[in-house]
J.: 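The structure's right below; bear with me while I get my questions together.
Lettering follows sequence order; numbering is per chain, from 1. Computation of the quantities below employed the complete heavy-atom set of this structure, encompassing side-chain atoms and omitting hydrogens, waters and symmetry-equivalent molecules.
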Protein chains: 2
Amino acid sequence: MSGPVTIRDVARAAEVSPATVSRTFLRPEKVDPATRERILDAAARLDYRPNRAAQSLITGLTGNIGIVVPDLANPFFPSVVKGIQGRAEELGYSALLVDTDEDLKRESELVAALSRQVDGLVLCSARMADEDLVALREQRPLVLINRQVPGVAAVTFDNEGGIAQEVVHLKALGHRRIGYVAGPSTSYSSRVRQAAATAELAREGLVEVPIGSFAPSFDGGRSAAEKVLLADVTAVMVYNDVMALGLVNQLTRYGISVPNDISVVGYDDIEFASMSNPPLTTVRIPREHAGALAMSYLHALMGSSGPAPEPPARLPTKLVFRGTSVRAPSAPPAGD
Amino acid sequence: MSGPVTIRDVARAAEVSPATVSRTFLRPEKVDPATRERILDAAARLDYRPNRAAQSLITGLTGNIGIVVPDLANPFFPSVVKGIQGRAEELGYSALLVDTDEDLKRESELVAALSRQVDGLVLCSARMADEDLVALREQRPLVLINRQVPGVAAVTFDNEGGIAQEVVHLKALGHRRIGYVAGPSTSYSSRVRQAAATAELAREGLVEVPIGSFAPSFDGGRSAAEKVLLADVTAVMVYNDVMALGLVNQLTRYGISVPNDISVVGYDDIEFASMSNPPLTTVRIPREHAGALAMSYLHALMGSSGPAPEPPARLPTKLVFRGTSVRAPSAPPAGD
DNA sequence: CTGTTAGCGCATTCAT
DNA sequence: ATGAATGCGCTAACAG
């Protein structure tokens with residue numbers, strides 16, 4: 001006879017109407033303090049919990065947000081997800097997670113399906129076409145992370161700044177011919193970083209030696225090693241840390257010492273960057289913070305009322321100087 | 001006037017009653033092929049999507065499952081989550097993810113809140129008390145991963161087997177005095193592995209040298225280094241890979257060569273185990289598979305009907321012989 | 001095989 | 001400030 005306790009049970013216990021109980025939770029100020037007390041009391045005593053489905057049915061809101069990532073096994077994403085989920089928690093939302101497995105088609109389908117089950121979406125490093133993203137944005141509040149599309153809210157990273165810091169760092173160490181190992185050309189951030197590298201290297205009067213595009217994996221980095229050897233460079237900038245780690249690994253197998261023969265700089269500052277041997281010089285990007293920020297922003301977008309939310313953020317990046325970069329072997333002694 | 005298209009719109013378009021439309025989706029065989037065709041057609045034309053909230057309200061089911069992890073930033077969990085989510089996807093469920101931040105109190109609260117929003121739960125490496133887990137199981141279908149509690153379904157790993165393989169491996173390499181670096185004593189799997197190590201080492205007639213308990217982090221592993229040095233051992237078994245990596249790192253700083261002076265064996269086979277230098281000898285456990293299996297099992301538990309689901313699984317573990325373990329320095333030449 | 005009726009639990013008019 | 005009535009979209013009996 002018990003079943004889940006409903007709003008009517010509480011109403012009966014507090015000797016009021018269901019409507020008043022409802023008000024007590026939604027607009028407490030619109031109910032007399034005394035009766036409010038009585039109702040809250042009864043609710044607590046009966047351990048009443050509003051039925052989400054019923055609320056949903058009537059309000060059209062679910063209290064859920066959706067998180068979409070290309071691949072949770074990619075060490076870049078767990079922190080981002082953690083940031084989103086944590087903030088969602090604080091704001092009273094539950095988070096639905098979807099992994100698209102880097103499959104563009106799946107991504108579109110999954111996002112479409114997911115969008116109908118949530119009040120808003122956070123897409124991490126979305127692979128979808130700009131137009132699809134814009135279309136999606138029409139239907140649900142939407143925030144992108146690590147992807148920029150005109151007209152869509154986004155939390156991005158200052159990649160140009162990060163790349164610039166890498167370039168200045170390597171230049172200061174006396175490097176002149178610098179290789180760039182790119183990620184997949186289908187990746188938005190790879191394109192951005194690649195372009196930034198080309199621009200910055202040119203601006204600083206250094207020689208860019210393009211090494212090519214490789215899979216953004218440890219093995220992808222490894223397979224770049226031969227080309228790096230052939231490129232006659234003293235330093236290499238790599239699309240991301242995982243690839244950089246792979247490159248260092250393979251270079252070492254070839255008998256090349258990193259950093260003594262060749263300096264290597266990664267990107268992302270994943271946890272393992274500092275644990276590897278030697279620890280990787282890289283660019284730190286605030287992943288978890290980005291997640292939290294994106295969620296905060298999404299919350300503002302979902303707010304029925306509220307002021308116009310502040311503009312999307314572009315988070316700072318920071319070079320972390322560790323063990324895989326040193327003064328160029330051929331460089332003149334410091335002081336020149 | 002359009003709004004979301006409802007079951008009545010479809011009914012009108014197909015000139016049938018709403019009930020028939022409903023049946024067409026739930027029990028297609030109970031409706032005439034001709035009309036079914038007509039309805040499906042209309043539904044497709046109108047792009048009808050059933051309203052989940054309404055379905056939920058009536059069936060009491062949400063179509064969601066909950067995933068709880070202690071810390072997504074711990075490299076152990078993303079794969080597990082990926083396995084769960086992927087299988088959930090296939091089975092038609094959406095996955096709600098919660099990160100408890102290793103906070104026992106939060107875990108209880110979050111799980112309680114989450115449990116009312118889902119049809120079933122998968123808890124990864126739950127920290128909660130046995131009794132709470134049993135209580136939870138009364139309310140919702142529940143599957144544990146990497147934790148065993150009497151009366152609760154679970155997917156576990158054959159830790160005893162994994163530890164036994166480590167011991168045999170080290171014994172074969174001529175090691176006699178072997179250190180064991182434990183994780184936090186609050187961790188279920190740490191206790192299990194510790195106990196297994198003690199038992200196996202004894203059985204093989206080797207000397208166990210307990211190094212102590214440390215945080216299950218890179219720094220935790222590092223801080224075990226001094227004690228390892230003092231322990232006069234030729235090999236160390238470590239609770240998990242992250243710690244093992246930290247230990248190797250710090251040992252190296254002390255001028256100790258791994259594996260030449262001391263062999264180190266980790267556990268878990270996280271991605272970075274094979275990327276580190278030297279690559280870590282460790283025990284592989286099928287994390288993603290465990291996730292998928294747990295989800296399959298949960299599905300069976302949630303099935304209103306269906307046969308009694310097969311018993312929970314205990315997945316095999318496998319030693320992966322890589323670069324941090326070699327023949328003991330003091331060992332007599334092979335062949336003795 | 002199909003339509004009719006009823007109601008899931010709640011938020012929201014509109015009265016009072 | 002509170003209550004009675006209505007319906008969100010759908011499924012589950014029961015008739016026909």
Side-chain angles (χ1 to χ4, degrees), chain A residues 1-43 46-64 92 113 116-119 304-305, chain B residues 1-43 46-64 92 116-119 302 304-305:
Chain A
M1 207 57 253
S2 54
V5 18
T6 81
I7 208 172
R8 308 176 62 141
D9 298 322
V10 178
R12 207 171 307 138
E15 297 176 303
V16 295
S17 82
T20 306
V21 177
S22 179
R23 278 194 210 94
T24 304
F25 286 97
L26 300 187
R27 265 174 293 284
E29 74 280 6
K30 306 215 72 171
V31 52
D32 188 281
T35 57
R36 189 200 304 162
E37 183 79 11
R38 199 147 35 90
I39 291 171
L40 258 20
D41 215 65
L46 298 181
D47 191 34
Y48 164 74
R49 310 301 181 109
N51 180 318
R52 281 241 194 187
Q55 291 184 141
S56 250
L57 183 55
I58 219 165
T59 62
L61 265 28
T62 63
N64 296 154
R116 301 184 322 97
Q117 300 184 46
V118 298
D119 301 337
S304 38
S305 61
Chain B
M1 206 61 255
S2 56
V5 19
T6 80
I7 207 171
R8 308 175 64 143
D9 299 323
V10 178
R12 208 170 306 137
E15 298 176 303
V16 293
S17 80
T20 306
V21 178
S22 178
R23 277 192 212 97
T24 305
F25 287 97
L26 301 186
R27 267 174 292 284
E29 75 279 6
K30 306 215 72 172
V31 52
D32 186 283
T35 58
R36 188 201 307 162
E37 184 79 10
R38 198 147 36 88
I39 291 171
L40 259 19
D41 215 63
L46 299 181
D47 191 33
Y48 164 74
R49 311 299 180 110
N51 180 320
R52 280 240 195 187
Q55 290 184 142
S56 251
L57 183 55
I58 207 164
T59 61
L61 265 29
T62 63
N64 297 153
R116 301 184 322 97
Q117 301 183 44
V118 299
D119 301 338
M302 295 188 298
S304 40
S305 60

J.: Please check the phosphate of dG3(C) (OP1 and OP2 only) for any side-chain N or O of T20(B) closer than 4.0 Å.
T.: yes
J.: Strictly by side chain to side chain donor-acceptor pair (under 3.5 Å), give each pair with a member in residues 16-29 of chain A just once, sequence neighbours left out.
T.: S17(A)-T20(A)
J.: What residues form a salt bridge (charged side-chain N to carboxylate O under 4.0 Å, His left out) with R49(A), not counting sequence neighbours?
T.: D47(A)
J.: What is the distance, to the nearest angstrom, from the CZ atom on R52(B) to the C1' atom on dG9(C)?
T.: 19 Å
J.: Distance from E37(A) atom CD to L40(A) atom CG, nearest 0.5 Å?
T.: 7.0 Å
J.: Tell me: CG of L61(A) to C1' of dA11(C), nearest whole Å?
T.: 13 Å
J.: Of all residues at least two apart in sequence or in a different chain, which pass the salt bridge (charged side-chain N to carboxylate O under 4.0 Å, His left out) check with R12(A)?
T.: D9(A)
J.: Tell me every residue that passes side chain to side chain contact (heavy atoms under 4.5 Å, CB included) with D32(A), counting only those two or more places apart in sequence or in another chain.
T.: A34(A), T35(A)
J.: Separation of F25(A) atom CZ from dG9(C) atom C1', in whole Å?
T.: 14 Å
J.: I'd like to compare against my own output: the B/S/- annotation of nucleotides 11-16 of chain D with a strict under-4.0 Å heavy-atom distance to protein.
T.: BBB---
J.: Nearest whole angstrom, please: distance from the P of dC10(C) to the CZ of R49(A).
T.: 13 Å
J.: Using atom CD of E15(A) as one end and atom C1' of dG3(D) as the other, report the distance to the nearest whole Å.
T.: 15 Å
J.: Short of 4.0 Å, heavy atom to strand atom, which residues of residues 32-39 of chain A count as contacting DNA chain D?
T.: D32(A), T35(A)
J.: In Å and rounded to the nearest 0.5 Å, what is the CD1 to CD distance from I7(B) to Q55(B)?
T.: 8.5 Å
J.: Under the side-chain hydrogen bond (donor to acceptor under 3.5 Å, both in side chains) test, which residues partner S56(B), sequence neighbours left out?
T.: none
J.: List for me each residue that meets side chain to side chain contact (heavy atoms under 4.5 Å, CB included) alongside A54(A), sequence neighbours excluded, and say none if there are none.
T.: N51(A), L57(B)
J.: Find which nucleotide of DNA chain C each of K30(B) and L57(B) is nearest to by heavy atoms, and output the residue with the more 5' nucleotide.
T.: K30(B)
J.: So which atom in P18(A) and which in R8(A) form the shortest heavy-atom distance, rounded to 0.1 Å?
T.: CG-CG, 4.4 Å
J.: Per the end-axis method with five pairs at each terminus, what is the bend angle of the helix from dC1(C)-dG16(D) to dT16(C)-dA1(D), to 10°?
T.: 30°
J.: Who are the side chain to side chain contact (heavy atoms under 4.5 Å, CB included) partners of A42(B), not counting sequence neighbours?
T.: V10(B), A13(B), A14(B), R45(B)
J.: Taking only residues two or more places apart in sequence or in another chain, which ones pass side chain to side chain contact (heavy atoms under 4.5 Å, CB included) with Q117(B)?
T.: R52(A), N64(A), S94(A), L96(B)
